[in-house]
Structure formats: C-alpha cells, structure tokens
Amino acid sequence: MRIGVFVCHCGTNIAGTVDCAAVAAAAQQFPEVVLAVDTPYACSEPGQRAIIEAIEQKGLNGVVVASCTPRMHEATFRRTVERAGLNRYMFEMANIREHVSWVGRDKKLNTFKATDLVRIAVEKLRYNRPLTAKSFAVNKRVLVIGAGVAGIQAALDCADGGLETIVVERTSTVGGKMAKLDKTFPTVDCSVCVLGPKMVDLAQHRKIKLYAMSEIADLSGYVGNFEVSIRRKATYVDWNKCTGCGLCADKCPSRKAPDHFNELVGRTTAISIPFPQAIPKKASIDASSCLHFLKDRCGVCAKVCPVEAIDFEQQDEVVKESVGAVVVATGFDLLDIRRFGQYGGGRFPDVVTSLQYERMLSASGPTGGHLKCPSDGREPKSVVFISCVGSRDRSMDRAICSGFCCMYTAKQAILTKSHVPDCETHVFYMDIRAPGKGYDEFIRRAQEEYRTNYVRGRVSSVYPKNGRLAVRGADTLLGTQTEVMADLVVLAVGAGAAEGSRDLAEKLRISYDAYGFFMESHPKLKPVETNTAGVFLAGACQGPKDIPASVAMGSAAAGKVMALFSKERLESDPQVAQVNAVRCVGCLKCLRTCPFGAIQEVQARDGSTKAQVIESVCQGCGVCTVTCTDRAIELQHFTDNQLLAEVNYLCRSWMEKSPA
Amino acid sequence: MSVVDGKEPSVKELRIIGFLCNWCSYGGADTAGVSRFSQPTDLRIIRVPCSGRVTPLFVVKALMSGADGVLVSGCHPRDCHYSEGNLYARRRLEVLKRFLPTLGIEPERFEYIWVSASEGERWQTSVTAFTERIHALGPSPAVKVNRYDARLVAGGL
Amino acid sequence: MSAALAYYPGCSQTASAREYDLSTRACCQTLGVELNDVPDWTCCGSTPAHATDHALAAALAARNLAQAMDTGASNLATPCPSCLLALRTAQSRCENEGFKGRVEVLLGRPATLSIRTRSILQVLMEDLGLEALAEKAVRPLKGLRVASYYGCLMTRPVGLMAFEDPDNPTAMDRLFLALGAEAAPFALKTECCGAALGVPRKEAVLELSGRILAAAEESGANVLAVACPLCQMNLDLRREQIEGYTGQRSTLPVLYFTQLLGLALGLPEEALGLGLHNVGTRPVLDILRRTWASEDVG
Amino acid sequence: MPVMELSASQDRAFFEAVCAKSGQDLLRCYQCGNCTAGCPMQPYYDLAAHQVMRLVQTGQRKAALTCSSLWLCAGCGQCSARCPNQLDVALILETLRHMARRAGYNPQPRVAQFSRAFLKSVHSHGRVFELGLLLRYKLASGRLLDDADLAPRLLKVGKLHLTPTSTPGQAEVAAIFRRYEQGAGS
Ligand SMILES: Cc1cc2nc3c(=O)[nH]c(=O)nc-3n(C[C@H](O)[C@H](O)[C@H](O)COP(=O)(O)OP(=O)(O)OC[C@H]3O[C@@H](n4cnc5c(N)ncnc54)[C@H](O)[C@@H]3O)c2cc1C
Ligand SMILES: Cc1cc2nc3c(=O)[nH]c(=O)nc-3n(C[C@H](O)[C@H](O)[C@H](O)COP(=O)(O)OP(=O)(O)OC[C@H]3O[C@@H](n4cnc5c(N)ncnc54)[C@H](O)[C@@H]3O)c2cc1C
Ligand code: SF4
Ligand code: SF4
Ligand code: SF4
Ligand code: SF4
Ligand code: SF4
Ligand code: SF4
Ligand code: SF4
Ligand code: SF4
C-alpha cells in the first residue's frame with residue numbers, strides 16, 4: 001500500500017501544543033507510508049488541494065489525516081480523496097485536536113500521543129478495503145412530532161414543498177405554548193392572531209394529516225424508510241362526527257375539571273374544547289373528571305350532542321405510518337412551581353408562573369383578560385416579577401439560562417400597565433439577556449416608558465404580611481436589602497425539556513443533554529440535525545428559544561428534509577455486517593441478537609442454514625460480530641482485524657526491547 | 001532520541017487503551033476537548049461504532065499484551081444509538097470482569113463506564129480517575145521493559 | 001420505646017432555660033424515653049468557640065461526644081439546636097483526618113465521634129411518631145392556635161442538619177395538630193431572632209425578635225412555640241426591651257414545645273416549669289382549662 | 001471612594017487563602033445578592049455579604065478583613081442555604097473573621113469581648129456561668145447597664161445562679177484551652 005499522512009496544525013489549535021512537524025517526521029517511518037507532511041489547515045481549499053495532488057503525484061492509495069474529530073470533517077475528507085479517484089473508505093482520521101491538543105498540557109506528551117494516534121490510524125488503514133454504497137428508494141413522506149409554532153412551521157414548509165406530511169400532537173389542539181401567550185415580544189402583537197392562521201392552514205392543507213391527542217408508540221427503520229406507530233388516545237368523542245359546536249360543554253354538569261390549557265388557572269368542564277381557536281376544534285372528555293366514568297351516571301353530553309358523537313366505549317388506537325424523515329418539535333415545559341418553596345410556589349395562590357400569568361392577561365383566558373389575584377379576585381396594585389427562577393442555579397442542578405424569560409418578563413410588565421395603569425411593577429433580575437433585533441430597545445421601553453422598576457438582585461423569600469405578599473430581595477447596586485409589597489408575584493420559571501422527552505429520545509434513538517433537551521449533531525454547523533440520519537430538530541426541544549428562532553429552526557428542518565428528499569434514491573452506508581457463508585454454521589445466534597432484525601435465515605444451496613444480512617436494514621452496530629463465536633459475521637470497516645491491528649500496535653509498541 | 005528535543009517527557013505515562021462508541025462517548029470526549037477540559041495524556045482512544053462491538057477478546061488481548069489499563073465507554077443504558085447494543089456490552093463485559101483474575105489480571109485494570117455526548121465534564125473526571133487508578137496500580141506485570149525507549153523504537157525513531 | 005438515649009442538656013438548660021430541661025425530662029419520662037445524662041458534660045463551645053477557631057470548637061464539642069460514647073451509648077439527644085449544631089459540626093469536620101488529628105491534640109485523647117446525634121424534637125418525631133404521641137396525649141390542646149417558630153438552626157445548614165424543609169418546616173405544626181391544636185399560618189418560621197448577639201448588639205436582636213413577634217401576632221396565634229433556648233430568651237425575657245424598642249405591645253406567651261406537649265400528656269404545670277416565664281403563661285392555661293372542663297378531662 | 005487601583009491592590013494570595021481555608025471556590029459567586037437578601041443582620045452591616053464576597057474576589061485583603069459585618073454575622077446560615085452557587089457564605093465570613101482576628105483587626109470590640117468572656121467562663125467552669133459571663137463582659141466593654149433589667153427577672157425565677165456550678169469535667173476543658181493557647185493543634 002502507498003499511504004500518505006497529513007498532520008494538520010489547525011492554526012495554533014493543534015500546533016500550539018503538539019509538534020506537528022515531529023509527528024509527520026515520525027509518521028514518515030511508519031510501514032507503507034510514502035509521504036508524511038504537516039499542513040497549516042488541512043480542510044481549507046489549499047489543504048484539500050494538496051491532498052488531491054499528493055494522491056495523484058505519489059500514487060497514494062490510502063490517506064490518513066491527523067486533525068480534528070472525525071465527527072467534524074470525516075465526510076469532508078472522504079469527499080476529497082474521492083475527488084482524487086480513491087475509494088472514500090481508503091481514508092482514516094486521527095483525532096489529535098479534541099483528544100490531544102485541547103486536553104493535554106504537556107507538549108512532549110501530546111506529541112507522543114498524537115504520534116501514536118497517527119500510527120494506529122495507519123495500522124487500521126492497512127486493513128481497509130474499498131466499500132461501495134448501495135442505493136435504496138426514499139419514502140418521501142415526513143413525520144413532524146409536536147405542533148407548537150416550530151412544528152407547525154416545519155410541517156407547512158414541507159407540505160408547501162409538496163411532501164406528504166404527518167403531524168402528531170400530544171394534546172387535543174395544535175399551537176403549543178404560543179397559543180397560550182397573550183401578546184408576544186418585541187412587537188406586543190396578539191399571539192393567537194399571528195399563530196391562528198397558520199394553525200388553520202395546517203388543518204386545511206391537503207398534504208398534511210394531523211393526529212391530535214396522539215403520541216409516538218414506536219419508531220423503527222432508518223433514514224428514508226421509517227415505520228412509525230402512533231397511539232391515538234381515547235377522547236370518548238368520535239371526531240369524525242364532532243362539529244365543535246360546544247353544546248356538550250355548555251351542558252356538562254362536571255365543572256371542576258383541571259383546565260390544562262389555562263395552566264390550571266380556573267376550571268373547565270369534563271368535556272371541553274380547550275379554547276375557541278383550537279385546531280382541531282373537537283371536544284374531548286377528561287375521564288378523571290367525568291361523572292359517567294367516576295360514578296356511572298350523567299351522560300348529559302351524549303343526550304345533547306346533535307350528531308351523536310359521544311362514544312364512552314372508545315379505546316386507544318394504534319395506527320401505522322411510513323415516512324422517510326422525522327422532524328422533532330416537542331418544545332419545552334416549565335419546571336414545577338412547587339420546587340420553589342422559598343417563594344411560596346404552590347403554597348400561596350397569588351404566586352403564579354409566567355405562563356399562568358399569560359393566561360391571566362389573555363382576553364380569551366379564564367379571567368377574560370382582567371387581572372385578578374387568584375386568592376380573592378382583587379385587582380393587583382403591585383406586581384413583582386422574579387427572574388431566573390430555577391435557571392442559572394447550580395443548587396438546583398440547573399446552570400442554564402432559559403433564554404427567553406428576560407424578554408417575556410419585560411413584556412408582561414408592559415402588559416400589566418396596560419391592564420391596570422396605576423399598578424406598580426417591579427422586576428428582580430441578575431442580568432438582562434436581550435440580544436435579538438429590537439430586544440434591548442424593548443427592555444428599555446419597559447423601564448423608561450412603562451416605568452417598571454428593575455432591581456438588580458435575587459429574591460430570598462416571599463412571605464405573607466398584612467394580607468399581601470412581602471418580597472424580600474437584595475439591591476446589589478445599592479448594597480442593601482430591598483423589600484417590596486406585592487399583590488401578585490410572577491415567577492419566571494425556568495424552561496425544562498418537555499415532559500416525556502427522554503422516553504421519546506430513546507424511541508427515536510437520538511441523544512439528550514443533562515436537562516433532557518435533544519442534542520444537535522454539531523453545536524455550530526449542524527444545529528438541526530441529530531446523530532441519527534433522517535431525524536431533525538426544530539424549536540425549543542433542542543434548548544430554550546423564542547418564537548423567531550423556533551420558526552427559523554422549523555423552516556431550517558424542513559429545508560433539510562427537502563434536501564434529503566431531493567434525491568430519488570439514497571446511498572446506504574456500506575459499513576454494514578457481512579456473513580462469510582463458508583464459516584457460518586447456521587447457529588443463528590446473530591439473528592437473535594441483532595437489535596434491528598437485520599439478519600435473516602437463508603437456505604444455502606446444499607440445504608444448510610446460513611445467516612444473511614439485509615444490508616438496507618443493518619445499522620452497523622457490530623453487536624452480531626461479537627456474538628458469533630465462529631467469526632463468520634464481520635462488520636465492514638470495523639473488522640476484528642482492523643481493531644486488533646490498532647490494539648496490537650499499542651501493545652507491541654512497548655513490548656519491544658530498547659536498543660541499549 | 002525523543003520526538004521533541006531529545007529529552008524524555010517529564011511525566012511517566014502508563015499505557016491505557018480506551019474503546020469508545022462513536023455516538024456517545026467519543027462525542028463526550030470531543031465535548032471535553034471543545035471545552036478544553038484538561039486530562040492526563042496516557043489514554044489512547046480506539047473508535048468503535050458501539051460499545052456492543054467491543055469483543056471481550058480485545059480487552060483480554062490488550063491486557064495480556066501489556067496494556068496497563070483498558071477503559072470501555074458507551075452510551076447510557078437507555079440512550080444507545082443502536083437501542084440496546086450497550087446492554088449486550090454490559091452483560092459481556094461484566095462477565096469478563098469476573099473472569100480476569102483467572103487470567104492473572106487485576107480486574108481493576110479494566111473498567112466499563114457510560115458517558116454521553118454532552119458529558120464532557122464526566123469524561124474528564126472519568127479519564128482522570130481511571131488514569132489515577134492505573135497509576136496507583138503501577139505498570140502491568142505483563143511486560144517489564146523500558147517503556148519509553150521501546151515506544152520510540154517502535155515509532156521508528 | 002425503650003432504647004436509652006445519652007442526654008446532653010447544654011448550659012442554658014441548667015439556668016435561663018431551666019423549664020426547657022424540666023419539661024423535656026418530664027415528657028420523656030411519661031413517654032417512656034429513658035434519658036441518661038452525659039457524665040460530666042461540659043459546654044459545647046457554642047458560637048463564640050466556633051467564631052474563634054474551628055479546632056478549639058470541635059475539641060470542646062468532641063469531649064462531650066466522647067464522654068457519651070464511653071458509656072456505650074449509640075444515640076444522643078439534646079434539646080438545644082445550637083448545641084446540636086456544635087456537636088454535628090465537630091463530627092462532620094472530624095471526617096477530615098488532618099483536622100481530626102488537630103482536635104485530638106487539643107483534646108488529649110482519641111476522638112471517636114460516631115454517635116448518632118439528634119434534637120429532642122427529631123427523636124420524638126422519628127422514634128415515637130405522631131400517632132404514638134397523640135395516643136399518649138390525655139388532654140387535647142383544643143382552643144390553642146399555635147405559631148411554631150423553629151429558628152434558624154433547626155433546619156440549617158441544610159446539609160448538616162438534614163431536618164425538614166428549610167423554608168417551611170412542619171414538624172411542630174404537625175405535632176400540635178395531632179394534639180388537637182390549630183397551626184397558625186406563621187410566615188417567619190425560620191427567620192433568625194438575632195441569636196447570641198443579644199448581649200453585644202442588642203438593637204439588632206430587638207428588631208429581629210420584634211418582627212417575629214409581630215408576624216406571630218398577625219397569624220392570629222395565641223401562643224408561640226419554640227424549640228431553642230436562645231429564641232425563647234430573646235422572645236420572652238426581652239419582651240419589655242422589644243416593646244420599648246419597637247413600641248408595639250404584645251402579651252403573646254412563648255412556650256417550649258415540650259411544655260405544650262407536657263400539658264397534653266397530662267403533666268402538672270410545675271413539672272413543666274410554666275411559672276418560670278417572663279411573659280405570663282396564664283392565658284394558655286386559661287384556654288386549655290376551659291376546653292378540658294367542657295370535655296371533662298384533666 | 002478612592003479609585004481602586006486593581007493592578008496595585010489585588011492580592012491574589014489572599015483570595016487563594018480564603019478559598020483554601022473555607023474550601024469554597026469564590027469565583028463561583030456571580031454577585032446575585034441572594035446572600036444579602038435573606039440575611040437578618042444585613043441592616044447592621046457596614047458591607048453587605050455579597051460585597052464582602054466581591055472584595056475577596058478582587059483580592060482586597062484589608063477592606064475585607066476590617067469590615068464589621070464579619071463580627072456581626074449571627075451564623076444563622078440563611079445566606080448559605082440561599083446561594084444559587086452553593087457557596088457556604090457563612091463559612092466564608094467565619095473564615096474571614098478568623099483571619100481578621102489573627103491579623104489583629106477588631107472593628108466590633110463588643111462582639112469580641114463577649115466571645116472572650118464566654119470562652120473565659122467555659123475555661124474556668126467547664127460550663128457557662130451566665131452571671132459571671134455577663135459581669136466579665138460588662139467590665140470589659142464598659143457597658144455596665146446593658147441588660148441590667150433582665151437580671152432581677154431571671155433571679156426571681158431561679159434562672160440565674162449566683163455561684164458557678166462546678167463540674168469535674170472542668171479540668172479537662174481547661175486543659176483543652178491551655179493546649180490551644182500554647183498553639184497546639186494548629
Ligand atoms: C411565559 C412565556 C412567555 C413567552 N413569551 C414569548 C414571546 O412573547 N415572544 C417569543 O418569541 N417567545 C415567547 N416565549 C417563548 C415561546 O413560548 C417559545 O419560543 C415557543 O413556544 C417554542 O415553540 P416550540 O414549538 O418549539 O415548542 P412548544 O410551544 O412547547 O410546542 C411543543 C408542542 O409539542 C407538543 N409535544 C410535546 N411533547 C410531545 C410528544 N412527546 N409527542 C407529541 N407532541 C408533543 C406539545 O404539546 C406542544 O404542542 C414565551 C415563553 C413563556 C414560557
Ligand atoms: C470578533 C468576533 C468574534 C466572533 N466570535 C464568534 C464565536 O466565537 N462563535 C460564534 O458563533 N460567532 C462568533 N462571531 C459571530 C460570527 O462572526 C457571525 O455569526 C458569522 O460570521 C455570521 O455569518 P454570516 O455568513 O451571516 O456573515 P459574514 O461572516 O459577515 O459573511 C458575509 C459575507 O458576505 C460578503 N458580502 C457582504 N456584502 C456583500 C455584497 N454586497 N455582495 C457580495 N458579498 C458580500 C462578505 O464579504 C462576507 O464574506 C464573532 C464575531 C466577531 C465580530
Ligand atoms: S481539518 Fe480540522 S483540525 Fe484541520 S484545520 Fe480543519 S478544522 Fe482544524
Ligand atoms: S361532541 Fe357533539 S356537542 Fe360536543 S362539540 Fe362535538 S358535536 Fe358539539
Ligand atoms: S357524561 Fe361526563 S362529560 Fe358528559 S356531560 Fe356528564 S360529566 Fe360531562
Ligand atoms: S433569560 Fe433572563 S431571566 Fe431567563 S434565565 Fe436567562 S437571565 Fe434569567
Ligand atoms: S452467529 Fe455466526 S455462525 Fe451463527 S448464524 Fe450468525 S454468522 Fe452464522
Ligand atoms: S451490525 Fe449486525 S447486529 Fe448490528 S444491525 Fe447490522 S446485522 Fe444487526
Ligand atoms: S449566616 Fe451571617 S451572613 Fe449569613 S445570613 Fe446569617 S447572619 Fe447573615
Ligand atoms: S448568594 Fe452566592 S452567588 Fe449570590 S452573591 Fe451571595 S455568594 Fe455570590
């Protein structure tokens with residue numbers, strides 16, 4: 001073999017703590033290496049050109065690049081060597097940046113380590129074989145999970161692009177958090193007025209199929225060909241018949257059901273439509289509050305429904321769909337207010353979450369848009385907002401900034417004044433994060449035009465005093481304690497991953513971070529991709545973000561799906577398992593272990609049983625390889641020989657005797 | 001002669017091999033790098049698609065041939081990119097761990113951990129702790145040679 | 001309940017908080033909790049020692065723990081949260097071998113401090129439990145509306161004391177509810193009363209204690225229950241000083257929780273030291289007598 | 001206030017020493033003020049708790065060690081319970097108080113006198129002898145009339161002993177103090 005080694009400086013990123021020239025010099029001595037050089041930026045245009053030229057001039061048939069992580073540039077360099085006529089699998093990368101130069105302090109030790117990593121890449125490369133991808137047909141339908149503003153945007157863009165789009169939403173209406181907001185920053189325009197038309201478009205688009213009150217039960221398959229099972233939860237109303245007239249809710253005698261849409265401010269009926277602009281506008285029964293289910297009586301709704309839509313016998317139903325790509329847009333949820341005992345969360349009725357406050361401000365909310373203290377219905381004359389509640393707080397294991405609360409707090413302070421002009425507003429804050437277009441100006445307006453008193457300092461406690469709430473905080477700019485009397489305290493509760501996110505991630509085989517937010521493939525360059533091909537992210541499920549960012553990400557995910565579907569066929573990854581029929585004894589242990597059902601039993605010509613890998617299904621995990629005691633099934637590109645070559649070198653390198 | 005300036009490195013390294021799954025732990029080690037979480041340099045990482053790809057034989061082979069320690073790191077139990085590859089890995093490697101003493105290998109020289117792609121800090125602490133543990137055990141009794149010189153020879157220097 | 005407890009009264013309980021000691025002993029006797037005084041106990045060092053030097057403080061506390069352990073006891077209880085904090089701090093700091101070495105040098109003997117240390121309140125709640133306590137109560141506390149004041153040290157430092165929600169402890173409230181009283185919604189349960197700064201910085205203590213009294217009055221309580229001798233001293237003994245300083249009058253009696261428990265257990269006033277207060281406890285007794293008369297008990 | 005000449009006055013060693021002695025990483029403090037917000041003694045402080053943290057962060061040794069707040073802290077632990085960065089603020093203040101005492105700073109003589117009187121009482125009797133403690137403190141501080149109103153009330157109900165109770169443990173306690181004063185165990 002004729003191997004070329006390129007050791008990248010990455011400016012000073014690598015060269016600062018690794019002697020790249022020395023690594024190249026050492027590599028020059030490695031077996032079958034005919035060329036080893038260091039290069040300032042391997043991925044740059046001249047860097048890539050140099051690789052291509054070297055392949056052509058030196059007749060290289062294998063290339064090692066020692067640079068950053070392969071998770072960053074493996075695909076780049078595979079394309080590079082391919083352009084020079086090499087098979088893209090005749091290429092290996094040694095990660096001497098993330099795993100060496102950025103984590104080791106000692107230049108000598110780093111240089112040793114980098115040299116070793118280059119060596120094992122060479123050792124592996126010597127066993128590499130050219131692999132060719134097979135192509136397969138793509139199912140050009142897309143699944144969008146979660147129909148908040150991000151999911152709606154992604155679905156509309158996909159559908160407008162001509163794709164069949166399936167939308168699965170867990171609650172009985174689309175819209176997500178945005179549908180609950182009163183007005184939105186920084187324009188202070190009515191939230192539902194902007195979102196409503198999009199919700200209607202979603203419902204009416206002939207390319208979109210909406211499953212509300214539904215969740216993902218299971219997802220199998222791979223990019224281009226996923227099979228999804230959707231659990232449609234029983235609503236006890238036949239939605240094919242229901243016209244959304246609302247008669248049933250008017251007559252329902254059970255009026256104490258928890259009102260989830262209104263964030264538990266106020267109560268609703270056991271059968272209800274969450275809000276006037278709900279999409280789909282269909283009634284559903286909350287069995288835990290319905291007298292029929294609790295006491296086996298009533299049935300009023302069934303009697304009044306003009307179209308006989310009530311069906312107490314309805315059961316959950318699982319439907320199956322096939323799609324080629326998935327957009328996850330499941331958003332976020334606020335932390336449980338009861339975790340904030342020092343603020344009386346869950347104990348004092350006049351301490352509410354920011355989202356509850358949105359509902360209290362909303363004209364379609366439980367108070368009809370009149371600000372009232374939940375305890376006794378009086379109009380508040382002093383509202384205190386507390387920022388960073390459960391955010392940037394290591395004592396709660398939540399170091400993150402929730403990103404949008406600074407902005408919505410300013411918005412809520414402004415709206416408070418427009419509801420009750422003589423109401424005092426105070427905001428306790430630590431820092432103000434307002435980096436968007438027009439955002440800082442908005443904060444200034446809250447302070448200057450709307451006379452909101454911003455106090456820099458955290459709040460230590462909220463306690464009842466003379467029938468009101470005393471809020472005790474610090475004013476760190478003055479170096480004093482500050483106590484403010486409030487009628488209503490609004491907590492800017494931190495954003496966490498949507499309930500059930502971890503379960504969903506496991507079904508989709510994507511990763512999540514310490515807070516349950518889904519992990520993007522690369523923090524800068526692949527913000528909407530995940531590490532599972534064909535699964536994309538949009539909106540706050542990836543981390544807290546405001547509406548403009550969520551919408552942009554929804555469109556970006558749709559763009560990614562359309563780019564994926566722009567080809568008629570996709571190439572499968574040839575790094576799959578392969579059975580050596582001569583060695584295979586037909587024990588089928590591999591078939592039983594494969595997590596993807598990628599192995600089938602076949603009859604050999606002599607009638608004996610053999611295992612066979614279905615290449616389009618195999619995901620290349622290599623679990624089967626380990627199972628097979630006869631070494632008959634091997635994972636291409638990660639064969640035993642290749643991995644052992646790496647192990648052997650690392651061991652051999654210090655088994656050999658020193659010369660004297 | 002050393003690759004840098006003719007002198008031996010200031011710290012004596014031991015030889016530790018890490019098998020890291022591509023999706024979680026390799027990414028976690030990347031995250032640690034991106035965050036500049038400094039670590040001891042002893043460990044050399046071999047990338048595998050899944051911790052379920054790690055044949056116990058690799059581990060045994062490495063330890064018998066003189067590796068001072070072997071660390072396998074995969075995705076968290078319910079977060080495997082390949083749904084359950086890491087569960088197979090765990091089962092096999094558990095058995096392996098119990099089996100090591102019969103081969104005359106101290107079981108402490110082998111460890112199996114979980115690190116996800118976001119857990120750069122966890123990777124840093126895991127590597128540091130494991131390296132410290134191996135240093136406490138000292139060089140593997142499987143080989144008794146001057147390690148540095150030997151490596152330089154092997155490296156062709 | 002039979003297991004014997006090493007009992008560490010603490011200095012205050014021999015003097016200014018005599019009634020706390022009296023009522024604790026009386027209740028425990030009635031409840032079958034055997035208290036064995038730590039032989040030859042000495043001062044735990046309290047805040048002044050801690051504020052001066054950690055090793056000195058730990059040595060003073062450790063001496064008492066060692067004395068208790070010499071008797072073979074594995075459980076120790078003290079009524080005073082401040083003493084408990086001193087004992088626990090010593091235990092926790094001595095987990096560091098280096099520190100422990102220094103303490104042993106001062107102590108002049110090995111410091112084995114593994115005895116389990118708790119407050120009397122904690123022991124009663126954990127070892128007997130509300131149900132058992134309520135069962136032993138022969139006279140209900142009906143008619144009392146109790147504001148339970150825990151003070152700052154019963155729940156803090158959170159990691160060290162590991163007792164109840166530091167923002168809203170409810171142990172005493174639950175106890176009094178079980179004994180038939182009402183629990184007043186008292187806002188300043190764990191606010192500091194100024195503690196030992198009463199002597200050198202009196203105005204601070206008067207202000208803080210005044211605020212606690214005012215909040216207790218606002219909650220509609222007719223008695224304030226405490227579990228700490230310093231709190232009691234500041235809120236009861238300094239009442240006139242507080243009134244002089246803040247200008248608010250208050251006749252709210254301040255009782256140790258053990259005194260109220262004792263009343264429910266049917267113990268006589270004298271055994272509970274109810275005559276030893278600065279602010280008269282008569283209003284409490286009057287309410288209870290009326291209740292008992294109407295219910296024909298006591 | 002004069003200009004704080006950072007390059008001249010920043011004492012990194014002091015900062016490191018406070019971190020090491022208290023076991024707290026003060027760089028975590030982001031000046032949110034929650035320690036100040038809940039502190040019952042804050043109204044009597046010359047510097048708020050978070051300001052003391054800031055002085056340590058900027059290595060202002062003298063300003064931090066001469067501040068009165070160190071001596072007025074009641075040790076209630078509210079600040080530590082509230083700190084979102086899990087800093088044990090009360091312990092940091094106590095650490096500073098130890099350092100200040102060693103450096104000879106004593107901006108609140110009465111607090112120190114009370115502490116000394118208290119420990120003296122423990123030294124002499126093994127337990128606190130309240131009357132003796134008060135008298136000693138009054139003599140030291142010159143505040144003869146402080147709390148004079150309390151004594152008769154205490155005496156009336158037998159809560160103030162006129163003579164110290166003697167305990168056999170006293171000898172051992174005195175030995176602890178003796179060793180401490182001789183510099184053992186430090
Ligand atoms: C109080 C408050 C005020 C705000 N005000 C503003 C503002 O004024 N301006 C602004 O720009 N931003 C504002 N925001 C931020 C805004 O809410 C978010 O940017 C936006 O909601 C993110 O949209 P999303 O679609 O990503 O998530 P979401 O709105 O959370 O939507 C997610 C959807 O997915 C569904 N779902 C969740 N899990 C599943 C599952 N497993 N299966 C199926 N469906 C699922 C949910 O039911 C929901 O419908 C505010 C946020 C809060 C908390
Ligand atoms: C000092 C500094 C440090 C930063 N560090 C970071 C960081 O660490 N991480 C991070 O995420 N972001 C960082 N940023 C922000 C980052 O630079 C921007 O997010 C990013 O460059 C935006 O990319 P862009 O393509 O939109 O714009 P640009 O990078 O500005 O690219 C615009 C291109 O368009 C060309 N162009 C302009 N006008 C015309 C025209 N009329 N016709 C044709 N071509 C035109 C320009 O020549 C330029 O090549 C930093 C910014 C600064 C200033
Ligand atoms: S190849 Fe990687 S290491 Fe090299 S310059 Fe590019 S980014 Fe940097
Ligand atoms: S269930 Fe019947 S009554 Fe209720 S909204 Fe639907 S159509 Fe109207
Ligand atoms: S049956 Fe249930 S949902 Fe229908 S009207 Fe009665 S209570 Fe309401
Ligand atoms: S956005 Fe503002 S309020 Fe929200 S966590 Fe970040 S800094 Fe705190
Ligand atoms: S485990 Fe190996 S031998 Fe058995 S069927 Fe599979 S490939 Fe063949
Ligand atoms: S590598 Fe083997 S176990 Fe893994 S998916 Fe392919 S056939 Fe199945
Ligand atoms: S411990 Fe000291 S500084 Fe902290 S809150 Fe209490 S009195 Fe204030
Ligand atoms: S509470 Fe903690 S972070 Fe906040 S100012 Fe005080 S010490 Fe700093």
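Each chain gets a letter, A, B and so on, in the order the sequences are listed, and its residues count up from 1. Here the structure is a predicted model, which is why all the values come from computation and not from measurement.
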To the nearest 0.5 Å, tell me how far B:R53 CZ sits from A:T639 OG1. 7.0 Å
Rounded at 0.5 Å granularity, tell me how far OG1 in B:T55 sits from CZ in A:R631. 8.0 Å
For B:P49 and A:G620, which heavy atoms make the closest approach, and how far apart are they? CB-O, 3.4 Å
Flag, side chain of B:Y88 to backbone of A:V623, donor-acceptor distance under 3.5 Å: no
For chain B, which candidate among A:C624, A:P70, A:S511 shows the most heavy-atom pairs at distances under 4.5 Å? A:P70
Side chain, backbone, both or neither: which part of A:L508 has an atom under 4.5 Å from a heavy atom of chain B? neither
In terms of heavy-atom pairs under 4.5 Å with chain A, the winner among B:R92, B:H76, B:Q124 is B:R92
Nearest 0.5 Å, what's the CD-SG distance between A:Q619 and B:C50? 11.5 Å
Residue from B:F37, B:Y26, B:F19 scoring the most non-hydrogen pairs under 4.5 Å with chain A is B:Y26
Contact winner vs chain B - A:V100, A:N95, A:T593, A:V647, heavy-atom pairs under 4.5 Å: A:T593
Side chain, backbone, both or neither of A:A505 within contact of chain B (heavy atoms, under 4.5 Å): neither
Please determine whether a side-chain nitrogen of the Lys or Arg among A:D116 and B:R15 lies less than 4.0 Å from a carboxylate oxygen of the Asp or Glu. yes
Is the number of heavy atoms from other residues, nucleotides or ligands within 6.0 Å of CD (B:E121) greater than 12? no
Is the number of heavy atoms from other residues, nucleotides or ligands within 6.0 Å of CZ (A:R105) greater than 12? no
Examine whether an atom of A:S101 lies under 4.5 Å from a heavy atom of chain B, and if so say whether it belongs to the side chain, the backbone or both; otherwise answer neither. neither
Between A:D503 and chain B, which part of the residue has a heavy atom less than 4.5 Å away: side chain, backbone, both or neither? side chain
A:C651 and B:I17 have their tightest heavy-atom pair at SG-CD1, 4.3 Å
Atom OH of A:Y515: over 12 foreign heavy atoms under 6.0 Å: yes
Can you tell me which of B:C75, B:G33, B:A32, B:C24 forms the most heavy-atom pairs within a distance under 4.5 Å of chain A? B:G33
Taking atom NZ of A:K113 and atom CD1 of B:I45, what is their separation to the nearest 0.5 Å? 6.0 Å
Part of B:V54 within contact of chain A (heavy atom distance under 4.5 Å): backbone
Kindly check if the number of other-residue, nucleotide or ligand heavy atoms within 6.0 Å of NZ (B:K97) is above 12? yes
Which atoms of B:R47 come close to chain A, meaning under 4.5 Å heavy atom to heavy atom: side chain ones, backbone ones, both, or neither? both
Is it the case that the side chain of A:R71 and the backbone of B:D30 share a donor-acceptor pair, with hydrogens and angles ignored and the cut-off at 3.5 Å? no
Decide side-chain contact (heavy atoms from CB on, under 4.5 Å) for B:W23 and A:T532; before the verdict, give the C-alpha distance in whole Å, the side-chain angles of both, and the deciding distance to 0.1 Å. CA-CA 9 Å; B:W23 303 100; A:T532 298; over 6 Å; no
For A:A514 against B:S118, the heavy-atom pair lying closest together: N-OG, 4.1 Å
A:V626 to B:G52 - nearest heavy-atom pair and separation: CG2-O, 3.1 Å
Are A:N531 and B:N22 linked by a side-chain donor-acceptor pair shorter than 3.5 Å? no
Does B:K61 have more than 12 heavy atoms from other residues, nucleotides or ligands lying within 6.0 Å of its NZ? no
